[in-house]
Each structure stands twice: as C-alpha cells, then as structure tokens.
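To keep things clear, I will list the structure first and then write my remarks on it.
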Amino acid sequence: MSDSQVNLSRRQLFTRRNITDTPSLPWVKAAQFTDLCTQCGECIKQCPTNIIRPSDGGFPRVDFEVGECTFCYQCAAACPEPLFLPKTEPAWHAKAVIEAGCLAKQNIECRSCGDSCDPFAISFKLAVGAVAQPQIDMAACTGCGACVSVCPTSAITIKNIQQESAHVTE
Ligand code: SF4
Ligand code: SF4
Ligand code: SF4
C-alpha cells in the first residue's frame, strides 16, 4: 500500500460544532440585521407570545425568559424590510445548552426542563451515585426556548450552533 493510499484511508470527514451567540430573531438575515432594521417595532407588536423585546441598542430580539417561540412567522411577515428569509428556510440553528448551574449537575433532583419540552428533546439519564442528568438531543431540539424560563436556576441558554465540516488527514 502506498503512502497516499494510507493517507486517504485515514482521511476523515467530521463535523465540528461551534457554539456562538444567542439568536436575535427567527429567520432573520443576521449579517444585514443592523443595517436594514429600522426599529419600527412591527415584529414586537405581532409576536403572540410577546417574547420580542427591544434590546439595549433598540434592535428587537427574542427574550426566552419571557416565553417561547412557536415559529409562527408573524414577526417575519409583519416586517416591512427585506430582513427575513422565506418560511421554507430553517428559522435558526439555535439549540438549548445546559450550563453548570443546573441543579441535577449539583446532585439535586430536578426535571423541570424536560417537562416543558414538547419535542421530547430533553431526556434524563440515570447516573450511579447521582440524580438523573438532563441530556439534550441536538437533532430534536428546535431552539424554541420553552425550557429556559422554567429552569429554577436559569441554567439553560439558547445558542446559535454553527456546524463546520472539515477534512482531517492524519
Ligand atoms: S416566529 Fe412567532 S412566536 Fe417566534 S418570535 Fe416570531 S412572532 Fe414570536
Ligand atoms: S430545569 Fe434547570 S436545574 Fe432542572 S434539570 Fe433542567 S437544567 Fe437542570
Ligand atoms: S429549546 Fe425547546 S426543543 Fe430545545 S430542549 Fe428546550 S424546550 Fe426542548
């Protein structure tokens, strides 16, 4: 077997996840957001769960401490600017992330987040010598944020997850 064949056999395609910022609005064109948004407030008025609030800079953004996104698209439909992607596109690539403040991670029984998750993306794994630990199925999580406000220690944040594919040769 030649060196090139060995290298080829070791070449792997893998996916790396980059966790970045929290999402601002579903379907929004993030790169053009601050250029195109006039802060007119139409999206804020239309959101049925009232989770869109003005941020410190005046630009609207979702606040999951208030409630969840139902992905109704009314914010996007109400916006007079060409600021949103079509509804056929993914709303965002945001997922729930459970941070260290989680009670279960401190061995205190809690399953509040799991009870709030409609797509059953949160499961609890039994652990030896510890209470059951929450685990998030990234494929099932929609980033709706319903688990955020119910967490008694505010341990859950919704973060953009960018997936990068890379070829690695050993
Ligand atoms: S998609 Fe609907 S629920 Fe979600 S932020 Fe927009 S208006 Fe609110
Ligand atoms: S609700 Fe919060 S504290 Fe309770 S298990 Fe879920 S992440 Fe942990
Ligand atoms: S963000 Fe929504 S779908 Fe994802 S784990 Fe929380 S409740 Fe479930």
Side-chain angles (χ1 to χ4, degrees), residues 17 19-30 32-33 36-55 58-127 129-163:
R17 287 199 175 107
I19 298 175
T20 59
D21 201 3
T22 55
S24 54
L25 292 171
W27 287 284
V28 83
K29 298 173 186 168
Q32 293 148 280
F33 183 42
L36 294 179
C37 175
T38 61
Q39 303 186 357
C40 71
E42 286 303 314
C43 56
I44 294 174
K45 283 187 220 160
Q46 294 303 319
C47 178
T49 54
N50 295 313
I51 62 167
I52 307 179
R53 302 283 160 109
S55 64
F59 291 103
R61 69 179 302 126
V62 292
D63 180 356
F64 296 115
E65 292 294 341
V66 180
E68 69 188 276
C69 178
T70 61
F71 304 109
C72 67
Y73 202 74
Q74 289 189 41
C75 50
C79 179
E81 309 300 328
L83 194 47
F84 289 85
L85 296 166
K87 196 176 183 181
T88 48
E89 296 290 323
W92 49 35
H93 297 284
K95 306 285 178 186
V97 176
I98 299 180
E99 315 269 8
C102 166
L103 289 175
K105 290 180 195 278
Q106 296 161 56
N107 209 23
I108 299 167
E109 180 73 36
C110 176
R111 298 192 182 209
S112 301
C113 53
D115 293 341
S116 71
C117 181
D118 279 349
F120 302 110
I122 305 178
S123 60
F124 282 81
K125 190 177 178 192
L126 295 175
V131 302
Q133 301 292 306
Q135 295 197 323
I136 296 179
D137 177 349
M138 288 293 190
C141 176
T142 63
C144 71
C147 53
V148 171
S149 65
V150 298
C151 175
T153 58
S154 301
I156 302 180
T157 49
I158 305 299
K159 298 213 166 153
N160 290 318
I161 310 279
Q162 289 174 347
Q163 295 204 330

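Quick caveat, the model's predicted, so the values are computed rather than measured. When a ligand or atom number is given, it counts from 1 through the structure's own listing order.
At the shortest separation from atom 2 (Fe) of ligand 2 among protein heavy atoms lies Cys151 SG, 2.4 Å. Looking from atom 3 (S) of ligand 2 to the surrounding protein, the closest heavy atom is Leu103 N, 3.0 Å. At the top of the distance list for atom 1 (S) of ligand 2, counting protein heavy atoms only, stands Cys113 N, 3.3 Å. Looking only at heavy atoms of the protein, atom 6 (Fe) of ligand 3 is closest to Cys147 SG, 2.3 Å.
Of the heavy atoms in Ile52, only side-chain atoms (C-beta onward) come closer than 4.0 Å to ligand 1. Both the backbone and the side chain of Thr142 come within 4.0 Å of ligand 3, counting heavy atoms alone. Contact annotation for Pro119 and ligand 3: only side-chain heavy atoms (C-beta onward) come within less than 4.0 Å of the ligand. When non-hydrogen atoms are compared, ligand 2 lies under 4.0 Å from the side chain of Ile98 (C-beta onward) but not from its backbone.
Not a single N/O/S atom of Cys141, whether from backbone or side chain, sits less than 2.8 Å from atom 6 (Fe) of ligand 3. Among the atoms of Cys117, an N, O or S atom is found under 2.8 Å from atom 8 (Fe) of ligand 3.
Only protein atoms were considered; those of element N, O or S under 2.8 Å from atom 2 (Fe) of ligand 1 number 1.
Closest to atom 4 (Fe) of ligand 2 by heavy atom, among Cys110, Cys102, Ser112, is Cys110.
Every atom of ligand 3 with a heavy atom of Ile122 under 4.0 Å away is listed here by number and element: 5 (S). Close approach of ligand 2 to Pro152 is summarised as follows: ligand atoms under 4.0 Å from at least one heavy atom of the residue are 1 (S). Within the listing of ligand 2, atoms 7 (S) sit less than 4.0 angstrom from a heavy atom of Ile156.
Taking a cutoff of 4.0 Å between a charged side-chain nitrogen and a carboxylate oxygen, Lys29 and Glu89 do not qualify as a salt bridge.
Ile98 places a side-chain heavy atom less than 4.5 Å from the side chain of Lys105. With contacts defined as side-chain heavy-atom distances shorter than 4.5 Å, the pair Ser116/Cys147 qualifies.
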